[in-house]
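All residue numbers refer to positions in the sequence shown, counting from 1.
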Amino acid sequence: MGRIFTVELEGRSYRCRFCRTHLALPDDLISKSFHCRRGKAYLFNRSVNISMGPLEERMMLSGMHTVADIYCCCCGQNVGWKYESAHEKDQKYKEGKFVLERGRIVDETSTEGCVDDTRSDTEDS
């Protein structure tokens, strides 16, 4: 298996709750009114640092859709799904969009939780 390269987003971002990998920017947020089995979910125009599972037909509250589960590329946790196609005409706006489950993401700034302390206690100044 090769090395995983991730995209680092500038400023405030939504990150994976489990490993803090960047997933999306607030500027790409379309709606906070989505729901999933585990609670609230957010709809985004774009998402980064994800891998997709196989496409499947899934009955949602808004009708039948072709979707693929999406996973954090670093820790492998399921973080939501991507809409590939919608069967209902009024749901076509979702095509190509990403849903991130609120319980699986955190809203942070890029500097939170990042510590770059490469100096050991035994080094001389």
Side-chain angles (χ1 to χ4, degrees):
M1 183 133 167
R3 183 174 179 181
I4 297 174
F5 291 94
T6 59
V7 175
E8 294 290 321
L9 301 173
E10 297 275 331
R12 187 174 146 224
S13 65
Y14 292 95
R15 298 179 182 213
C16 175
R17 176 174 298 284
F18 306 99
C19 68
R20 299 297 198 256
T21 298
H22 297 258
L23 297 174
L25 289 170
D27 290 345
D28 289 319
L29 180 63
I30 299 170
S31 174
K32 293 184 175 183
S33 301
F34 278 68
H35 297 297
C36 61
R37 291 182 187 138
R38 296 179 199 89
K40 293 182 178 184
Y42 294 171
L43 182 69
F44 289 88
N45 272 319
R46 283 180 284 260
S47 186
V48 296
N49 300 324
I50 57 165
S51 61
M52 285 181 32
L55 293 177
E56 62 180 69
E57 298 293 317
R58 193 177 294 167
M59 179 57 79
M60 306 283 204
L61 293 174
S62 57
M64 186 65 78
H65 294 81
T66 304
V67 299
D69 286 331
I70 57 175
Y71 303 89
C72 173
C73 71
C74 290
C75 69
Q77 287 289 324
N78 181 317
V79 291
W81 66 90
K82 180 182 180 186
Y83 285 106
E84 284 295 321
S85 65
H87 296 255
E88 304 293 327
K89 198 177 224 178
D90 65 337
Q91 299 298 309
K92 294 287 187 185
Y93 75 96
K94 296 177 183 175
E95 292 182 347
K97 306 293 191 283
F98 299 86
V99 174
L100 297 176
E101 297 180 17
R102 187 64 188 109
R104 295 178 175 259
I105 60 174
V106 292
D107 183 355
E108 294 183 345
T109 61
S110 291
T111 57
E112 285 183 24
C114 297
V115 177
D116 185 21
D117 188 8
T118 55
R119 212 179 103 159
S120 75
D121 291 328
T122 58
E123 284 183 350
D124 293 331
S125 297

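Looking only at distances, no side-chain donor or acceptor of Asn49 sits under 3.5 Å from a matching main-chain atom of Thr6. In terms of modelled atom types and a separation under 3.5 Å, the side chain of Arg104 and the main chain of Asn78 share a donor-acceptor contact. In this structure a side-chain-to-backbone donor-acceptor pair under 3.5 Å is missing from Asp28 to Asn45. In this structure, the side chain of His87 does not engage the main chain of Ser85 through any donor-acceptor pair within 3.5 Å. The backbone N or O of Ala86 lies less than 3.5 Å from a partner atom in the side chain of Lys92, making a donor-acceptor pair. A donor-acceptor pair is defined here as one N or O able to donate and one able to accept, closer than 3.5 Å; no such pair exists between the side chain of Arg17 and the backbone of Arg20.
Cys19 approaches Cys72 most closely through the heavy-atom pair SG-SG, 3.5 Å. For the pair Val99 and Ile70, the tightest heavy-atom approach, listed with the atom from each and the gap, is O-CD1, 3.9 Å. Heavy atoms only, all atoms of each residue included: Lys40 and Cys36 are closest at O-SG, 3.9 Å. Of all heavy-atom pairs spanning Glu88 and Ser62, the tightest one is CG-O, 4.1 Å. Across all their heavy atoms, Gly76 and Tyr71 have their closest contact at O-CD2, 3.5 Å. The two residues Tyr14 and Ile105 come nearest to each other via the heavy atoms CD2-CD1, 3.9 Å.
Residues Cys74 and Cys16 form no side-chain contact, since every pair of their non-hydrogen atoms from C-beta on lies 4.5 Å or further apart. Residues Tyr42 and Asp107 form no side-chain contact, since every pair of their non-hydrogen atoms from C-beta on lies 4.5 Å or further apart. Looking only at side-chain heavy atoms (C-beta outward), Lys32 and Phe34 stay at 4.5 Å or farther from each other. Counting heavy atoms from C-beta on, the side chains of Lys82 and Ile50 never come closer than 4.5 Å. Arg15 is not listed as a side-chain neighbour of Leu23, based on a closest heavy-atom distance of 4.5 Å or more.
Residues Tyr93 and Met60 share a single hydrophobic cluster, defined by chaining ILVMFWY side chains whose heavy atoms lie under 4.5 Å apart. Each of Ile30 and Leu25 belongs to its own hydrophobic cluster when Ile, Leu, Val, Met, Phe, Trp and Tyr are linked at side-chain heavy-atom distances under 4.5 angstrom. Under the 4.5 Å side-chain heavy-atom criterion for ILVMFWY residues, a single connected hydrophobic cluster contains both Phe98 and Val79. No continuous path of hydrophobic side-chain contacts links Met52 to Val67 [ILVMFWY only; heavy atoms under 4.5 Å].
Listed by chain and number, the residues in a side chain to side chain donor-acceptor pair (under 3.5 Å) with Lys97 amount to none (sequence neighbours excluded).
Atoms CZ and CG, from Phe44 and Asp27 in turn, are 10.5 Å apart once rounded to the nearest 0.5 Å. Atom CG in Leu43 sits 9.0 Å away from atom CG in Leu100 (nearest 0.5 Å).
The only option from Glu84, Glu57, Arg58, Glu95 that meets the side chain to side chain donor-acceptor pair (under 3.5 Å) definition with Thr66 turns out to be Glu57.
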